[in-house]
Amino acid sequence: MMSTNTSAPLVSIRGLHKAYSPTVQVIKGIDLDMHAGDRLVVIGPSGGGKSTLLRVLMGLETIDKGSIAFDGQPYIQADEARGKTSIDTKVRNSIGMVFQNYTLFPHLTIVENLILAPCKSRGEKESVAKDRALTFLTRFGLRDKATVYPSQLSGGQKQRVAIARALMLDPKLMLFDEVTSALDPELVAEVEQVIQQLALQNLSMMIVTHDMWFAKNIASRVLFCAGGTIVEDGPPEQVMGAPREERTREFLSRVFHIGA
Amino acid sequence: MDYNFAFVLRYQDALLVGLKMTVLVSLASIAIGCLWGFVLGMARGSSLRWARALATVYIEFFRGTPVIVQLFWVFFCLPLLLGIELSNMASGIVALSLYMGAISAESFRAALKTISPDQHNACVALGLSRYAEIRYVLMPQAILRAIPTLLSNCVSLFKESALVSAVGMADLMFVGQNISNATARPVEVLTVVALIYFVIAFPLTRGVTVLERKVLKGLAV
Amino acid sequence: MTYTFDFMAVRHGLGVLFDGLLVTLELTVAANVIGLTFGFGLALLVMHRWAVLRWPASLFVEFFRCTPAIIQIVWFFYCVPMLFDVYLDAMTMGILALACNLTAFNAEAYRAAIQAVPRDYRDAGIALGLNGWQRIRYIVLPTAFRAALPVLVSNGIGIFQQTALVAIVALQDLMYMGKSLATESYRPIETFTVVALIYFAVSFPVSQLASWFEHRRDRLAR
């Protein structure tokens, strides 16, 4: 994976603020640097701003204050005076995202879902894109599903297709927003295994999850977010094993207690 | 009083001519009306305020007045306003197309609205341009989802087409009424005419139900 | 050709049009009263477990839903007196014809709404120890009626518009008055425009009411 500036962080967030309405402040000042190859897992209570952070990074939300640089280039800027957000769509194209609800296009077959963006927005030749798509599907154990429609797949299969669809665009950063939350428990493992596979290839990723075991296994770095700020930030053994902050401890004891 | 339905058979040629006219007028109005309806539906969901307002007024007006009033209006008034001669058939098709446009616009708009905003997020995440998003993601789904209601609009239009008889177009209804008056046997003739309409419309309404189930199943995410 | 509008020509005819509107409203209200009550009964028959009741009821519903309203009306006016040897005044005939049509459409609306009541609700009723009749009375019907309301209202507006068809069999409603006024005054454009506007002025507010009901129902359902 080429980087224009190897010393600069892959993602650099400064002074990020975001409110859905004057009374609903979801992000209240986040500063964050993430380096290439990092596998950042964001944990924390619901409503703590985890998913919003990912959606902002994907360029799906406007922001109120702050800026984000990606791979050394300016990416998202808040223009406070005019209340507008500028998003560089070229930069955005090197980020991929997988959502909780799969978001496969129901009117297209699996292969068509995979090649839509490469062919229609990058001008890749259909035969070339198709070959790449089949390679991904084979790798994820979905080769025989190539020509069926999303409605004929299980949740786990849909989510694996969604991951393959995002990978088709060679993203430098992958965002996973609670990708196993909508799945039946027995289907969670197959999706997590695919993400593990990607981790082995050193793909940079940011993951929001409620599955603490998965978080511990895959993370190279863990963020604990609550109340719209980053409360604790460090390697998984430290944040999840020996948290320094009282709020982190309290949160972890609650989820692990319920989990056990 | 005894009834003799067999005698209606003697008039089968005339009824067939009428039926052809009914089908022709319906199909022409459906084709024109659907295209017009798609344009109106897009305008109704557009971000341009004037386009939205115009489309809304048009749709509400045509849905809020009897089709027969619309038909009379087009038949008597359009030639005067435009200063051109319109044949019976042309004014029938114009009136029904204008009506079909209004009802199918609602189907297209409703279909567009059911597509979840998640799909838009996915398009952004995949870097699709706005054009590619509309052309390859939104439009095919809107059309697929609109098909069941469009088909039931077609059935409504087919039934409403019987109104063109009131402005003297020789459709099935008109022919039927003429035969009924000439033979003074309304019970047999009108019943048979009603049955002909039924035989065509009924399977179509069943089709709507089947399609609805299929489309819903196929497009479930 | 430029046409000079003269809506004044219609003004002296407004009284006549108003008389017509009253007839139209009378037809609409009567047909709706019949359609709302009989439609419900018919819906119960359509869902009855005895085929002897179910089949004729379904046939009635489908027949009126799948044939043009105009032929139903013409058929009524010509055939009912011959078939049953009853001679009723035109108004009664008009009401009956429209009411049959509306009964069929409303029966379908009631049926769909009753069958759409989620099974969970009935199950909850059983779990709460309500008997069969209580479950229908307190759970199924209120839910179903609320769900059916928007469709019932829009069917009602539909019948208001269909009343224009009885003009063809010479009942002196709004449409009929409009037609004769147009011929007398040689001002068809103004007359039919005014007639259309009158129909619109009545049905538009009601249809807004229907979508308000629908909106409210969807909000409550969440």
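These values consider heavy atoms only, across backbone and side chains, with no hydrogens, waters or symmetry-generated copies. Here the structure is a predicted model, which means the values were calculated and not measured. All chains are named by letter (A, B, ...) in the order of the sequence lines, taking the proteins before the strands, and each is independently numbered beginning at 1.
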Out of C:Thr193, C:Ile157, C:Val80, which one racks up the most heavy-atom pairs below 4.5 Å with chain B? C:Thr193

Rounded to the nearest 0.5 Å, what separation is found between the CD atom of B:Glu160 and the CD1 atom of C:Ile70? 9.5 Å

Rounding to 0.5 Å, atoms SG (C:Cys66) and CD1 (B:Ile200) come to a distance of 11.5 Å

From CA spacing to verdict: side-chain contact (heavy atoms from CB on, under 4.5 Å), C:Glu62, B:Arg206: CA-CA 10 Å; C:Glu62 295 301 346; B:Arg206 292 294 97 169; 2.9 Å; yes

What part of B:Thr191 is in contact with chain C, defined as an atom under 4.5 angstrom from a non-hydrogen atom: side chain, backbone, both or neither? both

Under 4.5 Å heavy-atom distance to chain B, tell me which part of C:Phe200 shows up: side chain, backbone, both or neither. both

Quick one: CG on C:Leu165 to CG on B:Leu163, what's the gap to the nearest 0.5 Å? 5.5 Å

Any residue meeting ring pair (Phe, Tyr, Trp, His ring centres under 6.0 Å) with C:Phe38, in chain and number order, not counting sequence neighbours: none

Would you call C:Ser203 and B:Thr65 a side-chain contact if the rule is heavy atoms closer than 4.5 Å? no

Flag the one option from B:Ser180, B:Ala201, B:Gly64 with the top tally of heavy-atom pairs under 4.5 Å to chain C. B:Gly64

As an exercise: rank C:Ala69, C:Ala196, C:Gly158, C:Gly178 by heavy-atom pairs under 4.5 Å with chain B and give me the winner. C:Ala196

Over 12 non-hydrogen atoms of neighbours within 6.0 angstrom of CZ in C:Phe105: yes

Polar side-chain atom of C:Gln161 near backbone of B:Arg63 as donor-acceptor pair, under 3.5 Å: yes

Output for pair (B:Ile68 CD1, C:Phe192 CZ), nearest 0.5 Å, gives 9.5 Å

Which residues from residues 166-178 of chain B are near chain C, with near meaning under 4.5 Å between non-hydrogen atoms? B:Ala166, B:Met173, B:Gln177

Considering only heavy atoms from C-beta outward, does the side chain of B:Leu190 approach that of C:Phe76 to under 4.5 Å? no

Top residue by heavy-atom pair count (under 4.5 Å) with chain C, among B:Val69, B:Thr205, B:Val67? B:Val69

For the residue pair C:Met82 and B:Ala184, what are the closest heavy atoms and their distance? CE-O, 4.5 Å

Enter the distance from B:Ile196:CD1 to C:Ile71:CD1 here, rounded to the nearest 0.5 Å. 8.5 Å

Heavy-atom cut-off 4.5 Å, strictly under: side chain, backbone, both or neither for C:Thr163 against chain B? neither

My understanding is that only residues two or more places apart in sequence, or in another chain, count here; which of them pass ring pair (Phe, Tyr, Trp, His ring centres under 6.0 Å) with B:Phe198? B:Phe202, C:Phe63

Name the region of C:Gln208, side chain, backbone, both or neither, that has any atom closer than 4.5 Å to a heavy atom of chain B. side chain

Report which part of B:Val187 has an atom under 4.5 Å of a heavy atom belonging to chain C: side chain, backbone, both, or neither. both

Could you pull out all residues at least two apart from B:Tyr99 that satisfy ring pair (Phe, Tyr, Trp, His ring centres under 6.0 Å)? none

